Amino acid sequence: MLKCCFYKNICFICFFVFITISTAYGLEPATKEQIDKYKKDGTWQARLNKAYEIGNHKMDPDVAARLHYKLRQLKILSQGDTELDAMEQMAPPPSWQGMPTTGNVNMFVLLIEFSDMPHLSPVDDQANIVPEIFGAEGAGGGYPYESLAAYYQRASYGLLNLQGAVLGWYNTGQPRSAVEETSTGRHNLIKEALSSFDASHGFSVYDNDGDGDIDYFAVVWTGPHGAWASFWWGYQTSFYDASYTLDGKSLRKYSWQWESYSYPSGSFSPKVLIHETGHALGLPDYYDYNGSVGPDGGVGNLDMMDANWGDHNCFSKFVLDWLTPAVISCKGTVPSISLRSSASYGDALLIMPDASGSAFEEFFMVQNRYKERNDTSYPTNGLLIWHVDATLSASGWNYLYNNSYTDHKLLRLMEADGLEEIETYNRSADTDDYYKQGASFKNNTRPNSRSYNGHPTGIRIFNISPSGETMTFDAGIYGTGIQSIIIPLLLN
């Protein structure tokens, strides 16, 4: 018995033999020292409220809708239906709006300085900042954060090519204290600076999706940073003045960040811009702000959207259309599954229990994190297992859970050592949190593969090979039923 249907880059196979796989808004994190200080001086709750108001913890609704659409596709295909069946049973997602996640994407960076806070010269002269934003791999120092474009070339497996211009430095001719520290003041400053470039620079190319909006730009300003969640901090937000246009284009998303964290020393680093651009693409923050609600930690700092560290995880890359995971959704075991390094290849496994249920809202994802490329500085090599709960909120516009304020996480790292140090002590993940040879993940291991309501899913991952650029393991769902797996169709 063999069923095979193709949907885009996916092949669904259901048979009795075994097979092998090969394949919003944003807010810069506060430091632990800052959090301790704000708790002591009594301002922490007010800052939490401000962060909640900004909405940094939410995934972009457009991105959330597209992910939910893909999950429903996988549900229909897992039941043996064809691509045509899938398309007949569900309406397509809304047309994409905002910054594209693949292709040649144009953006610009606006540099702003003040009369009393000039940029750090000559180290941060405009000519020196250009390669740190749009430079090719290895063009600057600080690998793997040598440039915004190079980082995202690697993260997207070459699918996203960021290109554009660096405008500035624009000097306001006034002290920074003259800036009104409100959204209106920020927008007035941006309009003033951009208007100075209007006659000499073409802005229509930054409307990548042709909807009349400049999809995304970044603002880098001089001077010391302020407190977390304050005006002079790093975040991504939106421009609300539709009356202001450049070449007939309105402004949409933009990020706002410092030139140097240690101003007036140091120099520009693209790492903050890399994090904020993740928000512009649609990703939420994965770090916890309110330790009194739900478990601390979440992903243990092992992600660009948590601690500005390393690559984006496989769930985020699935969300952004950078990978299509292989999927197990029916009872049975698939032996010798092979995953290559996720830093270099779009290999990942998604295990969905109870494919006959209403939707694939809660599932686990597996990837092989190997210390290379964007993961060069990670603590070790091995499998990482992620617990995802993509249940939609009552409005249907976004997810019910997030990594900042809810009683459990949208995305949670399963710590292989079972100590739950991330949750208990808000610690970074360590070498023992990777799944390596001898470890297993089942209903009754610690941690276990049970759902958040405590029900056994039957998911098991075992017979894990030694860590390396390619790792193998057995995976499946307890039972003797039909083996079921959705495999990415490798086109090249």
Side-chain angles (χ1 to χ4, degrees), residues 24-29 54-70 93-109 133-134 144-145 147-164 206-209 211 213-219 234-239 251-257 270-287 299 303-324 342 346 348 374 388 390 398-399 402-403 410-411:
Y25 294 99
L27 191 68
E28 188 67 14
I54 293 173
N56 56 299
H57 55 293
K58 298 177 183 178
M59 187 174 288
D60 186 290
D62 287 336
V63 173
R66 290 176 68 83
L67 175 63
H68 195 64
Y69 178 77
K70 288 191 289 187
S95 59
W96 182 257
Q97 294 182 347
M99 185 180 183
T101 63
T102 61
N104 295 326
V105 176
N106 296 309
M107 60 169 285
F108 66 86
V109 176
I133 297 174
F134 298 115
Y145 317 110
S147 86
L148 173 73
Y151 175 91
Y152 277 103
Q153 272 277 338
R154 291 188 293 267
S156 68
Y157 311 115
L159 294 176
L160 176 61
N161 177 35
L162 295 175
Q163 56 191 19
Y206 304 114
D207 178 8
N208 296 280
D209 58 357
D211 65 351
D213 293 332
I214 291 173
D215 303 317
Y216 170 63
F217 65 98
V219 180
Y235 45 88
Q236 185 258 304
T237 184
S238 293
F239 201 93
L251 304 179
R252 197 169 187 244
K253 292 181 179 180
Y254 68 95
S255 59
W256 173 263
Q257 52 258 300
K271 186 182 286 190
V272 173
L273 181 56
I274 290 170
H275 176 96
E276 300 306 329
T277 300
H279 291 302
L281 292 166
L283 297 176
D285 280 322
Y286 290 131
Y287 61 94
V299 306
D303 195 78
M304 175 50 62
M305 303 314 295
D306 183 356
N308 293 16
W309 187 26
D311 208 351
H312 293 287
N313 65 77
C314 59
F315 171 67
S316 291
K317 294 190 181 193
F318 177 38
V319 167
L320 298 177
D321 292 334
W322 295 344
L323 64 78
T324 299
S342 63
N374 286 347
V388 180
N398 214 313
Y399 295 115
N402 59 73
N403 274 52
L410 166 68
L411 180 68

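Quantities reported herein were computed from a predicted structural model and do not represent experimental measurements. Throughout, residue positions are numbered sequentially from 1 according to the sequence presented.
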Open item on the list: Tell me whether Tyr286 contacts the main-chain N or O of Met304 through its side chain, where contact means a donor paired with an acceptor under 3.5 Å.
Closed with: no

Task: Any donor-acceptor pair under 3.5 Å from Arg66 side chain to Asp321 backbone - done: no

- [ ] Apply salt bridge (charged side-chain N to carboxylate O under 4.0 Å, His left out) to the pair Arg252 and Asp211, showing each step before the final yes or no.
- [x] CA-CA 11 Å; Arg252 197 169 187 244; Asp211 65 351; 5.1 Å; no

Task: Nearest heavy-atom neighbours spanning Leu281 and Pro100 - done: CD2-O, 3.5 Å

Open item on the list: According to side chain to side chain contact (heavy atoms under 4.5 Å, CB included), who are the partners of Phe318, at least two apart in sequence or on a separate chain?
Closed with: Leu67, Lys70, Leu71, Leu74, Leu323, Pro325, Leu350, Met365

TODO: Please name all residues satisfying side chain to side chain donor-acceptor pair (under 3.5 Å) with Tyr151, sequence neighbours left out, ordered by chain then number.
DONE: none

Task: Heavy-atom pair of closest approach, residues Ala150 and Ser147 - done: N-OG, 2.9 Å

Task: Minimum side-chain heavy-atom gap Leu162-Met99 below 4.5 Å - done: yes

Task: Smallest separation among heavy atoms of Asp209 and Asp213, with atom names - done: OD1-O, 4.5 Å

Task: Nearest atoms (heavy-atom pairs only) where Asn308 meets Val272 - done: ND2-CA, 4.2 Å

Open item on the list: Rounded to the nearest 0.5 Å, what separates atom NE2 in His312 from atom CG in Asp303?
Closed with: 7.0 Å

TODO: Look up atom CG in Asn374 and atom OH in Tyr152, then write down how far apart they are to the nearest 0.5 Å.
DONE: 9.5 Å

- [ ] Give me the ring orientation class for Phe108 and Phe217: parallel if the planes are under 30° apart, tilted from 30 to 60°, perpendicular past 60°.
- [x] parallel

Task: Partners meeting side chain to side chain donor-acceptor pair (under 3.5 Å) with Trp256 (sequence neighbours left out) - done: Tyr235

TODO: Identify, with sequence neighbours excluded, every residue that meets ring pair (Phe, Tyr, Trp, His ring centres under 6.0 Å) alongside Tyr145.
DONE: none

Open item on the list: With a 3.5 Å distance limit and no angle check, can you tell me whether Trp322 reaches the backbone of Thr101 through a side-chain donor-acceptor pair?
Closed with: yes

- [ ] Might you point out which heavy atoms bring Met305 and Leu283 nearest each other, and give the distance in Å?
- [x] CG-CD1, 4.0 Å

Open item on the list: Strictly distance-based, threshold 3.5 Å: is any side-chain N or O of Tyr254 a donor or acceptor partner for the main-chain N or O of Phe239?
Closed with: no

Task: Interatomic distance, Lys58 atom NZ to Tyr399 atom OH [nearest 0.5 angstrom] - done: 14.5 Å

Task: Step-by-step side chain to side chain donor-acceptor pair (under 3.5 Å) determination, Asp285 to His275 - done: CA-CA 9 Å; Asp285 280 322; His275 176 96; 3.0 Å; yes

Task: Spatial distance of atom NE2 (His279) from atom CE (Met59) [nearest 0.5 Å] - done: 11.5 Å

Open item on the list: Which residues pass the side chain to side chain donor-acceptor pair (under 3.5 Å) test with Tyr216, not counting sequence neighbours?
Closed with: Ser255, Thr277

TODO: First locate atom OG1 of Thr102, then atom CG of Asn161, and finally report the distance between them rounded to the nearest 0.5 Å.
DONE: 11.0 Å

Task: Main-chain N/O of Glu276 paired with Gln236 side-chain donor or acceptor, under 3.5 Å - done: no

Open item on the list: Could you go through Phe134 and Met107, starting from their C-alpha distance and side-chain angles, then the distance that decides it, and tell me whether this counts as side chain to side chain contact (heavy atoms under 4.5 Å, CB included)?
Closed with: CA-CA 10 Å; Phe134 298 115; Met107 60 169 285; 4.0 Å; yes

Task: salt bridge (charged side-chain N to carboxylate O under 4.0 Å, His left out) partners for Asp311, two or more places apart - done: Lys317

Open item on the list: Could you walk me through whether Leu411 and Asn403 satisfy the side chain to side chain contact (heavy atoms under 4.5 Å, CB included) test, starting with their C-alpha distance in whole Å, then the side-chain angles of each, then the deciding distance to 0.1 Å, before giving a yes or no?
Closed with: CA-CA 7 Å; Leu411 180 68; Asn403 274 52; 4.0 Å; yes

Task: Exam field: side chain Asp215 to backbone Asn208, donor-acceptor pair closer than 3.5 Å - done: yes

Task: Flag side-chain contact, heavy atom, 4.5 Å: Asn313 against Val299 - done: no

Task: Rounded distance [0.5 Å steps], CD1 in Ile274 versus CD1 in Ile133 - done: 10.5 Å

